[in-house]
Amino acid sequence: MTGANSFSVSGYGPRRAGWTRLLARDSMARRLDWPMLLSALALSGIGCALVFSATRNRTEINQGDPYYFLLRHLMNTGIGLALMIGTICLGHRALRNAVPILYGVSLFGVLLVLTPLGATINGSRNWIVLGGGFSLQPSEFVKISIILGMAMLLATRVDAGDRTYPDHRTVLQALGLAAVPILIVLLMPDLGTVLVLLTIILGVLLASGASNRWVFGLIAVGVVGCLAVWQLHILDQYQINRFAAFANPSLDPAGVGYNTNQARIAIGSGGLTGAGLFHGSQTTGQFVPEQQTDFVFTVAGEELGFVGAGLIILLLGVVLWRACRIARETTELYGTIVAAGIVAWFAFQAFENIGMTLGIMPVTGLPLPFVSYGGSSMFVVWVAVGLLQSIRVQRPMSA
């Protein structure tokens with residue numbers, strides 16, 4: 001009897017342990033935020049169709065292969081998903097310990113852009129050409145490093161129970177950490193990314209519980225900084241022209257106002273349901289420049305109409321809603337700050353991208369998250385989703 005019982009236990013033990021591991025994995029899968037994940041996947045799927053429509057006839061850029069950009073967009077999305085999974089497996093808390101390394105690498109990357117290794121594309125020197133048709137935009141990775149770095153500084157003493165909110169010295173240190181890469185990006189100049197980074201800082205400070213004096217002071221510094229940039233002629237002429245065209249849409253419609261005017265024509269011609277995928281006259285006629293990247297929303301407006309464009313906005317809204325919920329429900333300040341920084345980033349960048357195609361925001365060259373073609377931007381948005389999912393998965397079961 002003893003031998004039988006011993007045999008039964010020894011035989012059952014490994015199987016039970018295997019089921020325990022399986023259930024543990026299943027539990028993690030259940031704790032993922034599936035509405036956010038499915039919405040982001042849907043956006044990337046729609047982006048594949050829009051990028052293909054915008055580039056299949058562009059023989060001057062697709063090297064004679066209509067599937068050139070589509071395949072690369074799929075590859076970028078696949079790499080982004082792998083990075084998301086890796087981020088979830090590592091966990092946002094483990095990445096917290098690696099913040100100094102991540103910050104240093106991102107800072108080194110943007111500094112490289114200012115060396116002979118940097119390349120100027122569309123008037124902005126913010127790229128490193130890797131060869132084989134691939135390039136890297138280091139300023140995209142600064143968004144992640146600033147969020148994690150500021151969150152680490154602002155939350156350390158609060159999560160340890162030493163304080164209930166960050167003190168003035170800690171806030172000043174966090175702002176100093178963010179200021180260094182922002183100044184480097186401004187020298188490129190990449191004004192669009194600078195605006196995103198400033199929005200991230202504002203969102204992070206609001207979520208951290210820092211004194212409102214810092215928030216109002218940051219806004220005041222931002223206004224003064226914009227005036228100083230304008231007066232000191234730091235902006236390049238093409239950037240000044242973009243703001244001039246935004247202020248006066250009828251100014252030089254064949255020149256600086258061309259992009260915005262053509263974008264509005266494309267979106268306006270779509271009507272309720274659009275001309276149909278691959279049947280947009282503006283898209284087929286290649287009237288809208290950079291349509292696979294900055295102006296990808298115009299493809300949706302023309303070919304999918306108000307319904308398709310509205311679906312993109314709805315899916316982006318779901319991602320932001322779920323991210324806000326994660327920020328609200330997490331029990332650690334570090335997770336709250338990281339989630340809030342991502343919300344501020346996604347919200348501003350999506351609004352700016354869609355707004356510039358509608359003529360209600362100036363053209364700044366920011367991609368539409370999950371949708372626009374571009375490896376660097378695709379990688380970092382999926383890493384951000386991985387951070388959000390990690391915050392949700394690792395929160396206490398009672399949360």
**Student:** Would you check, one step at a time, whether the test side-chain contact (heavy atoms from CB on, under 4.5 Å) holds for I326 with D33?
**Tutor:** CA-CA 9 Å; I326 290 172; D33 194 305; 4.0 Å; yes

**Student:** Do L154 and L333 make a side-chain contact, defined as non-hydrogen atoms from C-beta onward lying under 4.5 Å apart?
**Tutor:**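 A side-chain contact under 4.5 Å is absent here.
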
**Student:** Can a donor-acceptor pair be found, under 3.5 Å and without considering hydrogens, that links the side chain of T115 to the backbone of L112?
**Tutor:**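 Yes, T115 side chain to L112 backbone: donor-acceptor pair under 3.5 Å.
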
**Student:** Does a donor on one side chain and an acceptor on the other come within less than 3.5 Å for Q291 and T283?
**Tutor:**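 Yes, T283 and Q291 have a side-chain donor paired with an acceptor closer than 3.5 Å.
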
**Student:** Is it the case that the ring center of F287 lies less than 6.0 angstrom away from the ring center of F295?
**Tutor:**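 When the ring centroids of F295 and F287 are compared, they turn out to be at least 6.0 Å apart.
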
**Student:** Parallel, tilted or perpendicular: which one describes the rings of Y334 and H92, with boundaries at 30° and 60°?
**Tutor:**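 Geometry flag for H92 against Y334: parallel rings.
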
**Student:** So Q262 and I265, do their side chains get closer than 4.5 Å, heavy atoms only?
**Tutor:**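 The answer is yes, as the side chains (C-beta and beyond) meet within the 4.5 Å cut-off.
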
**Student:** Would a 4.5 Å heavy-atom cut-off, applied to side chains only, mark L202 and F348 as touching?
**Tutor:**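 L202 vs F348: side chains apart.
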
**Student:** Do L81 and L41 come within less than 4.5 Å of each other through their side chains, counting heavy atoms only?
**Tutor:**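 Counting from C-beta outward, L81 and L41 do come under 4.5 Å.
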
**Student:** Is it true that F306 and L314 fall in one hydrophobic cluster, defined by side-chain heavy atoms closer than 4.5 Å?
**Tutor:**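 No, it is not one cluster - the side chains of F306 and L314 are not joined through contacts under 4.5 Å.
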
**Student:** Considering only heavy atoms from C-beta outward, does the side chain of M378 approach that of S44 to under 4.5 Å?
**Tutor:**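 Yes, close enough: below the 4.5 Å cut-off.
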
**Student:** Report yes or no: does S269 contribute a side-chain atom to a donor-acceptor pair with the main-chain N or O of A266 at less than 3.5 Å?
**Tutor:**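 Yes, S269 side chain to A266 backbone: donor-acceptor pair under 3.5 Å.
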
**Student:** If we only count heavy atoms from C-beta on, is the Q282 to T298 side-chain gap below 4.5 Å?
**Tutor:**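 Heavy-atom side-chain distance check fails, nothing below 4.5 Å.
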
**Student:** Just by modelled atom types, is the R72 backbone N or O under 3.5 Å from a matching donor or acceptor in the N76 side chain?
**Tutor:**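 Yes, because the side chain of N76 sits within donor-acceptor range (under 3.5 Å) of the backbone of R72.
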
**Student:** Does the S135 side chain pair with the main chain of I128, one donor and one acceptor, at a distance under 3.5 Å?
**Tutor:**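 Pair absent, no side-chain N/O of S135 close to backbone of I128.
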
**Student:** Looking at T199, T364, T357, which hits side chain to side chain donor-acceptor pair (under 3.5 Å) with E352?
**Tutor:**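 The passing option is T364.
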
**Student:** Hey, mind stepping through L197 and T193 against side-chain contact (heavy atoms from CB on, under 4.5 Å) and telling me if it holds?
**Tutor:** CA-CA 6 Å; L197 296 177; T193 300; 4.1 Å; yes

**Student:** Please give me the minimum heavy-atom distance between Y373 and H73, naming the atom from each residue.
**Tutor:**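 That closest heavy-atom pairing would be CA-ND1, 3.7 Å.
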
**Student:** Taking S281's backbone N and O only, do any of them form a donor-acceptor pair with T284's side chain (distance below 3.5 Å, no angle check)?
**Tutor:**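 Checking the backbone N and O of S281 against the side chain of T284, no donor-acceptor pair under 3.5 Å is found.
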
**Student:** Can we call the ring centroids of F52 and F69 under 6.0 Å apart?
**Tutor:**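 Centroid separation for F52 and F69: 6.0 Å or greater.
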
**Student:** Honestly curious: do L102 and V185 fall in one hydrophobic cluster under the side-chain, below-4.5 Å linking rule?
**Tutor:**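 Yes; tracing contacts between hydrophobic side chains, which count when under 4.5 Å, links both residues.
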
**Student:** Tell me whether L38 shares a hydrophobic cluster with F346, the cluster being built from Ile, Leu, Val, Met, Phe, Trp, Tyr side chains joined at under 4.5 Å.
**Tutor:**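 The answer is yes; both residues are in one hydrophobic cluster.
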
**Student:** Scan side-chain atoms only and decide if E303 and S53 contain a donor-acceptor pair under the 3.5 Å cut-off.
**Tutor:**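 Looking only at side-chain atoms, S53 and E303 do form a donor-acceptor pair, the distance falling under 3.5 Å.
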
**Student:** Given the rule in the side-chain contact (heavy atoms from CB on, under 4.5 Å) test, do I88 and M84 qualify, once you have shown the distances and angles that lead to the verdict?
**Tutor:** CA-CA 6 Å; I88 296 174; M84 178 198 71; 4.1 Å; yes

**Student:** With rounding to the nearest 0.5 angstrom, report the CG to CD1 distance, L114 to I184.
**Tutor:**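 One gets 7.0 Å once the value is rounded to the nearest 0.5 Å.
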
